[in-house]
Amino acid sequence: MEGLRAPATTLRVKCEASRAAGREVYEGRGADPLQGRAEGGYEFIYEATDSRGRPCVYPFSPWMPQVVGALQGTQYIFRSSVPGSRITFRTADEWATLNLRLFEVGEQRVHFEMRDIELDFPGAIQPKGAVHLEVTGTRRPGLFTAVLRRVRVYGGKNAIFIPNGQTMLYIEDGDIAGNVGTNTDQEHTAYINGTLVSHFRNTEFHGQRAWQDLSSGHQLKDKAYLRVYENVTVSNTPQGSTPSAMPLVDASAFGFTWADGLRIRRIEPAQAVREGLVDLRTDILYGERGNYPWSVVADPVWTMPSNPLAALDKVYLSVFLHTSVESFRDEPFVFALRTSGRSFGADGTHVEGDGNQGEQRAVSLAYGTTGRFERTYAPGSWTYTDPQLPRIGVGVGPQPVHTPRSGADRPMTLRL
C-alpha cells in the first residue's frame with residue numbers, strides 16, 4: 001500500500017433521501033462542483049442504515065465520475081459508513097454496473113477498494129461485469145490493486161470481470177453470486193483475465209447462469225499468474241436458471257496455484273456434465289509472456305528429470321491442500337492438468353500441437369482430498385496424490401523411487 005495518498009474527493013451519500021430521489025443525495029458537499037469529472041481519487045461513503053436502523057437499500061447502481069488527470073497514487077473507494085454493516089444497490093436496470101474506467105495507466109500506482117456493499121442487479125444483461133474494473137494499459141513497475149471485503153455481487157455478463165494487466169485482486173468474506181448474461185457459454189460468475197495475482201479468502205463463487213440443456217460457463221475462470229485460495233467454496237448451485245454443466249474452476253496451468261480448504265459442490269445439471277471439477281488448462285496464454293519465467297509451450301530444451309518432485313522450483317506448480325468434493329455422483333476425477341502444445345497459433349495466445357510427456361513443465365500436487373470421486377487426478381500429466389517430498393539439503397545418496405507413469409493416483413515413496 002506504499003505510494004498511495006488520501007482521495008482528493010470524499011462524498012457522503014444519505015440513505016432515505018437517496019431512496020426517495022432514486023439517485024445519490026449527498027450530505028454536505030455534493031457532486032455538482034465535480035461536473036462529472038474527478039481528479040486525485042475519490043471516496044464514496046454510503047449511509048449504512050435508515051431511520052429505523054435497517055440496512056439501507058439504494059434503488060439504483062452507483063454513480064461514478066469520469067477520472068481525469070494523473071493517476072499516480074490515487075485511490076477509488078466505495079464503502080458503507082459502518083464497517084461490517086452491508087448496504088445494497090438493487091435495480092433491474094439492464095445497464096447496472098460498478099465500472100471503474102482507467103485507461104493507459106502505464107507505470108502508475110492505483111488502488112480500488114469496495115467494502116460492505118452488495119450489488120443486486122438481476123436485469124443487468126448488458127455490462128461486461130456487475131463489477132467491471134476496466135483498468136488497462138498497465139506496465140511494470142506500475143501496479144493496480146483491488147480489494148473487495150464483505151461484498152456480495154450478482155449480475156452482469158460476469159459478476160466480476162477483470163481484464164489483463166499488472167493487477168493484484170484480493171477478495172475476503174465475499175459472496176460472488178452469479179451472472180445474468182445471455183451468452184451462457186462465454187460468460188462466468190467470475191472472469192479473472194491475465195492478471196498478476198488473484199487471492200480469495202473465505203469466499204464463495206456460485207450461480208453461473210446456464211440455459212436449459214446447453215453448455216455454459218464456469219463459476220470461477222481464473223487466469224492470474226499467481227492464484228491463492230484460502231477457505232474458498234465453488235458451487236454450481238444456480239440462481240434463476242439450471243445448473244452449469246462445466247468444470248467449476250477453469251484455471252491456467254501456467255504460473256502457480258496454492259489452495260488450502262477448497263470446497264467443490266456440484267449438483268446435477270440438465271445436460272451431461274463436462275468431466276472434471278478443477279481444470280488446469282494450457283490451451284491459451286492470458287498474461288503477458290514477460291510475466292512467466294519459463295516458456296509455456298512444450299520445448300525439447302526442457303526435459304523433465306527422472307524425479308519431477310525434486311524439480312518443483314523449476315516448473316509451474318499447483319498445490320491443493322484439503323480439498324473436499326460434494327457431488328450428485330462419484331466424479332471420475334477432481335483435478336485435470338492439461339498438456340501443453342509445441343507452438344503458438346497465429347494470434348500469439350492460443351497454444352497448438354501436442355508436446356510429449358517429457359517436455360511438459362508443470363506439476364500438480366494434492367494432499368488430503370476427500371469426497372465423492374474415483375481418483376484425484378485425470379491421467380496424462382505430472383500429477384501426484386499425497387506425495388512424500390524430498391528433504392531439502394539431502395546429499396548424494398540412493399535415488400528416490402518414484403512411479404514412472406504420470407497421473408498415478410498413489411503416493412510417491414521416497415527412500416533417502
Side-chain angles (χ1 to χ4, degrees), residues 184-191 205-223 227 229 232-238 241-254 257 259 262-284 286 316 318-320 322-341 350-355 357 360 362-386 403 405-410:
T184 55
D185 196 32
Q186 299 297 323
E187 298 165 2
H188 315 273
T189 291
Y191 193 153
F205 297 87
H206 61 102
Q208 155 62 27
R209 181 180 175 88
W211 182 253
Q212 297 177 358
D213 61 348
L214 301 179
S215 63
S216 48
H218 306 276
Q219 312 300 325
L220 176 57
K221 189 179 183 74
D222 189 356
K223 306 302 183 176
R227 299 164 293 274
Y229 305 153
V232 167
T233 299
V234 187
S235 167
N236 72 328
T237 303
S241 67
T242 56
S244 171
M246 299 290 276
L248 284 78
V249 179
D250 175 16
S252 176
F254 306 136
T257 301
L262 177 64
R263 292 182 296 276
I264 303 292
R265 296 172 179 165
R266 174 182 259 179
I267 63 175
E268 187 171 9
Q271 71 168 136
V273 297
R274 305 284 182 92
E275 300 293 10
L277 300 170
V278 178
D279 204 349
L280 300 169
R281 293 172 55 181
T282 57
D283 53 339
I284 305 177
Y286 285 79
Y316 295 120
S318 57
V319 180
F320 298 92
H322 312 117
T323 302
S324 64
V325 174
E326 298 177 28
S327 179
F328 69 97
R329 64 173 190 166
D330 288 339
E331 295 289 336
F333 54 87
V334 181
F335 308 102
L337 175 60
R338 306 301 180 184
T339 56
S340 183
H350 281 76
V351 179
E352 300 178 345
D354 296 316
Q357 179 65 30
Q360 301 300 311
V363 173
S364 188
L365 315 176
Y367 297 84
T369 310
T370 60
R372 296 194 63 179
F373 58 90
E374 296 176 7
R375 57 187 297 154
T376 304
Y377 282 103
S381 293
W382 302 109
T383 58
Y384 303 96
T385 300
D386 298 320
T403 52
R405 182 169 61 90
S406 66
D409 228 19
R410 55 185 180 272

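- With sequence neighbours excluded, the residues satisfying side chain to side chain contact (heavy atoms under 4.5 Å, CB included) with His322 are Asp260.
- Remark: the backbone N or O of Thr383 is not paired with any side-chain donor or acceptor of Ser381 at under 3.5 angstrom.
- One side chain, Ser364 or Ser318, offers a donor N or O that lies under 3.5 Å from an acceptor on the other.
- Listed by chain and residue number, Pro243, Ala245, Val273, Phe328 satisfy the side chain to side chain contact (heavy atoms under 4.5 Å, CB included) test with Pro269 (two or more places apart in sequence, or in another chain).
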Would you please test Phe254 and Ser340 for side-chain contact (heavy atoms from CB on, under 4.5 Å) and show each step? CA-CA 10 Å; Phe254 306 136; Ser340 183; 4.2 Å; yes
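- In plain terms, the two heavy atoms of Ala362 and Leu337 that are nearest each other are O-CD2, 3.7 Å.
- At least one donor-acceptor pair closer than 3.5 Å links the side chain of Asp386 to the backbone N or O of Gly368.
- In this structure Thr282 satisfies the side-chain hydrogen bond (donor to acceptor under 3.5 Å, both in side chains) test with no other residue, sequence neighbours excluded.
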side-chain contact (heavy atoms from CB on, under 4.5 Å) between Phe373 and Leu277, worked out: CA-CA 10 Å; Phe373 58 90; Leu277 300 170; 6.0 Å; no
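- Aromatic ring centroids of Tyr377 and Phe335 lie under 6.0 Å apart.
- Checked by atom type and distance alone, the side chain of Glu326 never pairs as donor or acceptor with a backbone atom of Arg266 at under 3.5 Å.
- Although no hydrogens or angles enter the test, the distance criterion places no donor-acceptor pair under 3.5 Å between the side chain of His188 and the main chain of Gly217.
- Side-chain atoms of Asp279 never come within 3.5 Å of backbone atoms of Asp250 as a donor-acceptor pair (strictly under, hydrogens ignored).
- For Tyr384 (side chain) and Val363 (main-chain N/O), no donor-acceptor pair under 3.5 Å exists by modelled atom type.
- Across every non-hydrogen atom of Leu248 and Asn236, the tightest pair is CD2-N, 3.5 Å.
- Judged by distance alone, the side chains of Thr257 and Arg227 do bring a donor and an acceptor atom under 3.5 Å apart.
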Starting from the C-alpha separation in whole Å, work towards a yes-or-no answer on salt bridge (Lys or Arg N to Asp or Glu O under 4.0 Å) for Arg329 and Glu275.
CA-CA 12 Å; Arg329 64 173 190 166; Glu275 300 293 10; 2.7 Å; yes
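- Side-chain N or O atoms of Thr189 include one that pairs as donor or acceptor with a backbone N or O of Gln208 at under 3.5 Å.
- No more than 12 heavy-atom neighbours from other residues, nucleotides or ligands sit within 6.0 angstrom of CG on Asp354.
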